[in-house]
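Report on one structure; see the data block that follows.
In what follows, chains are A, B, ... by sequence order, proteins preceding strands, each numbered from 1.
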Number of protein chains: 4
Amino acid sequence: MTARGPDDAGQAGRGGQETGRRLRADARRNRARILAAAEEVFAEKGEGASTEEVAARAGVAIGTVFRHFPTKRDLLAAIMKELRARLVDEAAALAAGADPATAFFDFFAFMVERAARVRTVLGLLAAEGMGVRTDEQIRGALENVVGELLQGAQRAGAVRPDVRLDQVMAILTATCQGAMHGAWDDDLRRRTLMIVFDGLRPRP
Amino acid sequence: MTARGPDDAGQAGRGGQETGRRLRADARRNRARILAAAEEVFAEKGEGASTEEVAARAGVAIGTVFRHFPTKRDLLAAIMKELRARLVDEAAALAAGADPATAFFDFFAFMVERAARVRTVLGLLAAEGMGVRTDEQIRGALENVVGELLQGAQRAGAVRPDVRLDQVMAILTATCQGAMHGAWDDDLRRRTLMIVFDGLRPRP
Amino acid sequence: MTARGPDDAGQAGRGGQETGRRLRADARRNRARILAAAEEVFAEKGEGASTEEVAARAGVAIGTVFRHFPTKRDLLAAIMKELRARLVDEAAALAAGADPATAFFDFFAFMVERAARVRTVLGLLAAEGMGVRTDEQIRGALENVVGELLQGAQRAGAVRPDVRLDQVMAILTATCQGAMHGAWDDDLRRRTLMIVFDGLRPRP
Amino acid sequence: MTARGPDDAGQAGRGGQETGRRLRADARRNRARILAAAEEVFAEKGEGASTEEVAARAGVAIGTVFRHFPTKRDLLAAIMKELRARLVDEAAALAAGADPATAFFDFFAFMVERAARVRTVLGLLAAEGMGVRTDEQIRGALENVVGELLQGAQRAGAVRPDVRLDQVMAILTATCQGAMHGAWDDDLRRRTLMIVFDGLRPRP
DNA sequence: AATGAATGAGTATTCATTCAT
DNA sequence: AATGAATGAATACTCATTCAT
């Protein structure tokens, strides 16, 4: 049977090999296609979607999926890892050389807008979304970026000095989830963020 | 006879609890136990939990669950209906006779605190949580209560006049989901709400 | 569990009490309604139809059905018993005082036409239809009537003298089943019977 | 990939047996074993028999049955398709090169004798047996063969010229069903067919 | 490495039957 | 006698995972 232990996916670097591993060209290509397909499928149907469907959408056989990701949980974890990494990169780019006073809010808005489209971001931010405990390294990376942006904004006087990182992460997470599940339109999202941002800004 | 529809012998009565279909005493008792068990089970393990476990926890046979809720989806829907109704009731109680300036914020905090414990509240507020589309009536009822509280608070000058109900519902929903998935502790919840509330208050 | 022995319905007079039993008026009425409903339901959906549906259509509770017919098999058996009895009666009526040369063929045609409408006649004639072994008494009664009609027709020279009763029963059964399953229209039925009848008539 | 349609890797080839979907050798072997087992099981216990028993008798796991036939109904349909195809083949063989005057009757008798053993033939001929609507192509194929045999026999003067194909199919069907359900012995079958055949022959 | 067939535990749902009201 | 709720075995079907090709 299938070991049902709760934490058996945690061994970082086991589920889905590191992208750097020397893989045959087609193997690397397949890995990417599977990941992309999985992101789509799980986004559409939720984590309950079948691995077979992922394989089908990726155009590979089911066995290939399991060769790359020995467990469904591993697949899920890999998606998040990738997603989060992508976001961190984009965030870093936003942070570099921008006006600190706006960079923070821009990134915040960017994340929320993103969440509205990428359903899977759910678990991404949540401590325990989708039954997967995203590995702490990446989670930490995101917090780092946001932390930097936050400090910059605070130094620039654009965010209240008494606000701490955990609060920001909490509100960011919450807003992303709301945007995702609630199907907010652009206008509602803008007006909602306005309130949140006002809460973060210093009292005049 | 054996009406096969979901026998929603609902405690529709605002304050009472007996208006529903005339069911035999034991039947009503079982229905309640099943609902309670289901709330627990789904809260713990998510919507993927098995109906059989619900039956076990409720101390009835599997057939009894299906007699009351012909479909798993029906069971899920019933949970939400009940949950939402309960919240609406409690909200109404809060609203009655309290200082409008604080009632709104009290209710908001109350909901979020609640969500932190009851995992199922997720779908409750989301447009489409758990694959169940909660019926519009109850959804509307919640909006009504919140709407009244909001107006009261705005008239009392405790909330910015330009804030609209959809924004409030959006932030409320988001914060509930964040609290639920994020496992915030009491302190983090308090500090997070502080920011949100500040965003809602009039600029000085 | 449910005794799965093949023959446990045979104890004549057990499944469904004899019509003569002193029953409360409403009890007798219920018995009749159930029987009628069952005939309809099983005719429409086959023997796989649920007992609950029979109860529903009869307007009684499920318990009442089982009080009258302790087993589904008993219910099925009762239907056939009744059906067969009815047919025997009608056959006898046909036979009485009619021209023996035509009575036989008339009855044959009558049965087949009947079968085309009453789906349940299936098992009625078959040795083992619907998993129920119709009790021999009634089965015998039918054979008796047909036998008499056959003899009359043979004496009148309308049927070949070398034809025996078992052959007639076999063809009658087969034709009824064909008519039932095949959904023959009136014309096809007539033309088909024409062939069968010609096979039964003396060679000129 | 995992085409979820009924993979009717049929031995469609008239005489051969390999034209179907290219399946791995073991897959084709399993498909055949399942089909054989199903024919047996359903023949013995009727269509109510469990799929699990089919799997057991075929010596495969339950999942394998459903991989080949996604639905019980598909399995039933496949059996009939195969059965009918087999009969059509054998009928064609009988028809080829035989004396038309006897070929027709030989085939008729052959079918009925067959039906007496293979319970599943029921639905095979009936318009709607077992809840499965056999596909029209095969149904048509049978009619074609019988039609040819009929014409040959009529030209040879062995069958009345006014008999039409629909009548013949009707009687053939009926007799098969009678033989199947009625458990006729060899003698009764012979004598019954004698009558039917006489009805089909020209009046002297 | 890839394929895709096989496995088999798991799950929702149905239904004959029993039994408390 | 009637009611209808409860029972629980049975059953079709799904899906993660393994393994022979």
Side-chain angles (χ1 to χ4, degrees), chain A residues 1-4 23-27 30 48-55 60-73 75, chain B residues 1-4 7 23-31 48-53 55 59-73 75, chain C residues 1-3 23-27 30 48-55 60-73 75, chain D residues 1-4 7 23-31 48-55 59-73 75:
Chain A
M1 230 242 64
T2 320
R4 274 293 188 219
L23 291 173
R24 266 162 46 175
D26 57 339
N30 273 344
S50 88
T51 314
E52 286 260 0
E53 184 165 355
V54 172
V60 302
I62 182 68
T64 305
V65 175
F66 277 90
R67 165 166 277 269
H68 284 283
F69 309 95
T71 278
K72 188 181 186 177
R73 182 164 290 209
L75 178 54
Chain B
M1 227 245 67
T2 324
R4 271 300 190 207
D7 54 338
L23 289 173
R24 266 159 46 176
D26 54 344
R28 190 151 59 235
R29 197 161 42 246
N30 274 343
R31 200 191 121 93
S50 87
T51 313
E52 199 109 27
E53 183 164 356
V60 302
I62 183 63
T64 304
V65 175
F66 279 92
R67 163 170 272 266
H68 285 283
F69 310 96
T71 279
K72 188 179 184 178
R73 180 158 293 208
L75 178 53
Chain C
M1 229 242 63
T2 320
L23 293 172
R24 266 162 48 175
D26 56 341
N30 274 345
S50 87
T51 314
E52 286 259 1
E53 184 165 355
V54 171
V60 303
I62 182 67
T64 305
V65 174
F66 277 90
R67 162 168 279 270
H68 284 283
F69 309 94
T71 279
K72 190 182 184 177
R73 182 163 290 210
L75 177 53
Chain D
M1 228 244 66
T2 324
R4 270 304 190 205
D7 54 338
L23 289 174
R24 265 162 45 176
D26 56 342
R28 190 152 57 235
R29 197 160 41 246
N30 274 341
R31 203 191 119 92
S50 89
T51 313
E52 200 109 28
E53 182 164 357
V54 171
V60 302
I62 183 66
T64 303
V65 175
F66 279 94
R67 162 170 273 266
H68 285 283
F69 310 95
T71 280
K72 190 180 183 177
R73 180 160 294 209
L75 179 52

Q: Output the single nucleotide from E/dA6, F/dA6, E/dT7 whose closest atom is nearest the side chain of D/Val60.
A: E/dT7

Q. Nearest to the side chain of B/Ser50, which nucleotide is it out of E/dT11, F/dA12, E/dT17?
A. E/dT11

Q.
Categorize A/Ala25 for me: base, sugar-phosphate, or nothing, with a 4.0 angstrom heavy-atom threshold over every strand shown.
A. nothing

Q: Select from C/Gly63 and D/Arg29 the residue whose nearest nucleotide in DNA chain F is closer to the 5' end of that strand.
A: C/Gly63

Q. Rounded to whole angstrom units, what separation is found between the CD atom of A/Glu53 and the C1' atom of F/dT14?
A. 13 Å

Q: Round to a whole Å and report the spacing from CD of A/Glu52 to C1' of F/dA16.
A: 9 Å

Q) Under 4.0 angstrom, heavy atoms only, what part of the nucleic acid is C/Thr64 near: base, sugar-phosphate, or nothing? A) base

Q. How is B/Ala55 classified with respect to the nucleic acid when contacts are heavy atoms under 4.0 Å: base, sugar-phosphate, or nothing?
A. nothing

Q: State which of F/dC13, F/dA2, E/dT3 makes the closest approach to the side chain of A/Ala61.
A: E/dT3

Q: Could you grab the distance from atom CG of C/Asn30 to atom CZ of C/Arg67, nearest 0.5 Å is fine?
A: 11.0 Å

Q: Determine the minimum heavy-atom distance between C/Thr51 and C/Phe66, stating which atoms define it.
A: CG2-CE1, 3.7 Å

Q) Could you state the CZ-P distance from A/Phe69 to F/dC15, rounded to the nearest angstrom? A) 20 Å

Q) If you round to the nearest 0.5 Å, how far is CD of A/Glu53 from CD1 of A/Ile62? A) 11.0 Å

(Q) Of the options E/dA12, E/dT3, F/dT17, whose atoms approach the side-chain atoms of B/Phe66 most closely? (A) E/dA12

Q. If you take all heavy atoms of A/Ala55 and A/Val65, which pair is closest and at what distance?
A. CB-CG2, 3.7 Å

(Q) Looking only at the side chain of A/Ile62 (C-beta and beyond, no hydrogens), which of the listed nucleotides E/dA5, E/dA6, F/dA5 gets closest? (A) E/dA5

Q | Short side-chain N/O contact to E/dC15 OP1/OP2 from C/Thr51, under 4.0 Å | A | no

Q. When you measure from the side chain of D/Lys72, which nucleotide among F/dA12, E/dT17, E/dA1 comes out closest?
A. F/dA12

Q: Take A/Asp26 and D/Gly59, find for each the nucleotide of DNA chain E with the closest heavy atom, and name the residue whose nucleotide sits nearer the 5' end.
A: A/Asp26

Q | Residue A/Asn30, side-chain atoms from C-beta onward, closest of E/dA6, E/dA2, F/dT7 | A | E/dA2

Q) Taking the side chain of A/Arg67 as its heavy atoms from C-beta onward, which of F/dT17, E/dA1, E/dG4 lies nearest to it? A) E/dA1

Q: Kindly say if C/His68 contacts the phosphate of F/dA1, meaning a side-chain N or O under 4.0 Å from OP1 or OP2.
A: no

Q | For DNA chain E, the dot-bracket pattern of Watson-Crick and G-U pairs whose distances stay under 3.5 Å, | for other-strand partners | A | .||||||||||||||||||||

